[in-house]
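Right, one structure below, let's go through it.
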2 protein chains.
Amino acid sequence: MAQVQILSRNQQIVLDIIEKAKGPLKAYSILFNVQKKGINAPQQIYRALDKLIEMGKIHKIESKNAFVACRSSDCEISKATAFSICESCEMVDEISDTKLSKYLSGFNHKKGMKFKRFNLEFFGICKKCKKD
Amino acid sequence: MAQVQILSRNQQIVLDIIEKAKGPLKAYSILFNVQKKGINAPQQIYRALDKLIEMGKIHKIESKNAFVACRSSDCEISKATAFSICESCEMVDEISDTKLSKYLSGFNHKKGMKFKRFNLEFFGICKKCKKD
DNA sequence: ATAACAAACGTTATATTATAACACAATGTT
DNA sequence: AACATTGTGTTATAATATAACGTTTGTTAT
Ligand SMILES: [Zn+2]
Ligand SMILES: [Zn+2]
Ligand SMILES: [Zn+2]
Ligand SMILES: [Zn+2]
């Protein structure tokens with residue numbers, strides 16, 4: 001039974017912006033977008049981002065220092081994330097593939113290290129950009 | 001027949017430092033380490049890093065904004081990289097697993113995007129840290 | 001060898017991303 | 001009430017990365 005997460009004011013504001021966005025958003029671009037709502041400082045953004053990531057509501061695209069809303073219900077609270085990234089238009093798509101996720105979650109390092117979490121980023125040119 | 005890459009002076013200096021290091025190095029820590037050799041500006045470091053990455057001599061650990069030397073001869077010039085990262089001691093180990101690499105290189109997005117490159121980062125606690 | 005080009009260099013300045021530190025308010029627990 | 005926990009607002013600063021400019025060095029072609 002999934003507990004409904006109650007978000008704080010700032011967390012909700014930041015999440016709303018990220019969910020409405022078509023692509024990944026950078027922290028400072030979020031900041032500029034919420035200054036009309038009384039949020040003035042980077043700290044306020046980064047604090048909200050940190051919590052939203054913990055909750056699995058958003059993910060950080062490490063190669064871009066940008067943030068996207070989680071669209072897949074089964075990504076196990078950010079323990080197993082995979083993205084497809086277009087190097088031309090910057091589009092990011094969360095990959096929700098049970099086989100891939102299981103394969104990687106079960107992968108064990110030869111040197112005996114047990115993994116708790118992984119992040120996978122694929123790069124290429126998306127269909128839309130190929131046409132151009 | 002693998003062409004022997006000739007590195008420029010700055011590229012060689014930066015690569016030497018990264019190869020000697022036990023773990024991932026940050027750009028500015030490299031900079032501080034080479035100031036005695038007459039390199040004074042971040043640009044000089046970042047330019048060398050960019051070229052070394054292109055050549056596949058080093059890799060960037062995106063989640064840490066840090067750089068490691070490539071230890072695996074078959075990582076296809078940074079087209080297919082995988083790392084194991086200890087969240088306690090920050091150790092990074094390049095994963096060289098043919099099956100994993102083949103599996104991911106052959107992975108195709110449902111939405112028809114063809115991938116050219118991927119980067120995978122696993123996180124956990126390494127053997128050494130578990131003992132403590 | 002010399003002209004033309006490309007790659008690397010050095011330098012200054014600036015942009016971008018992220019955290020430290022402190023005081024206060026709201027909320028929940030014992 | 002006392003206490004811990006979480007969130008807030010604010011100022012300042014740290015850490016990461018790039019822009020722009022002119023010079024130097026190395027390579028290639030004639
Ligand atoms: Zn997700
Ligand atoms: Zn695209
Ligand atoms: Zn490698
Ligand atoms: Zn460790």
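To find a chain, count down the sequence lines: A is the first, B the second, and so on, and within it residues start at 1. Quick caveat: nothing in here was measured; it's all calculated off a predicted structure.
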Q. Does B:Gln44 place a side-chain N or O at less than 4.0 Å from the phosphate oxygens OP1/OP2 of C:dG10?
A. yes
Q) For B:Gln11 and C:dA8, is the shortest distance between a side-chain N/O and OP1 or OP2 below 4.0 Å? A) yes
In whole Å, what is the span from the [atom1] atom of [X] to the [atom2] atom of [N]?
X       : N      : atom1 : atom2 : result
B:Leu49 : C:dC9  : CG    : P     : 12 Å
B:Gln43 : C:dA8  : CD    : C1'   : 12 Å
B:Glu54 : C:dA6  : CD    : C1'   : 14 Å
B:Ile39 : C:dG10 : CD1   : P     : 7 Å
A:Leu25 : C:dT16 : CG    : C1'   : 16 Å
B:Asn40 : C:dC9  : CG    : C1'   : 12 Å
A:Phe32 : C:dA15 : CZ    : C1'   : 11 Å
A:Asn65 : C:dT19 : CG    : C1'   : 14 Å

Q.
With rounding to the nearest 0.5 angstrom, report the CG to NZ distance, A:Asn33 to A:Lys20.
A. 8.5 Å
Q: Flag the pair A:Tyr103 / B:Tyr103 as yes when their ring centroid distance falls below 6.0 Å, and as no otherwise.
A: yes
Q: May I ask you to test the A:Met113-B:Met91 pair for a side-chain heavy-atom distance under 4.5 Å?
A: yes
Q | Side chains of A:Leu52 and A:Phe67 in contact at under 4.5 Å (non-hydrogen atoms) | A | no
**Q.** chain A contact limits on DNA chain D, taken 5' to 3' with a cut-off of 4.0 angstrom to heavy atoms
**A.** D:dG7 to D:dT11
Q | B:Arg117/A:Glu121 under salt bridge (Lys or Arg N to Asp or Glu O under 4.0 Å): CA gap, chis, key distance, verdict | A | CA-CA 8 Å; B:Arg117 180 167 77 81; A:Glu121 299 182 2; over 6 Å; no
Q. Between A:Ala41 and A:Tyr28, which has a closest nucleotide on DNA chain D that is more 5'?
A. A:Ala41
Q: Quick one: label B:Arg47 by what it contacts on the DNA or RNA (base, sugar-phosphate, nothing), any heavy atom closer than 4.0 Å.
A: base
Q: With heavy atoms under 4.0 Å as the rule, sort A:Lys64 into base, sugar-phosphate or nothing.
A: nothing
(Q) Is there a side-chain contact (heavy atoms from CB on, under 4.5 Å) between B:Phe115 and B:Phe107? Walk through the geometry before answering. (A) CA-CA 8 Å; B:Phe115 300 129; B:Phe107 183 85; 3.8 Å; yes
Q | B:Lys64/A:Glu62 salt bridge by N-O under 4.0 Å criterion | A | no
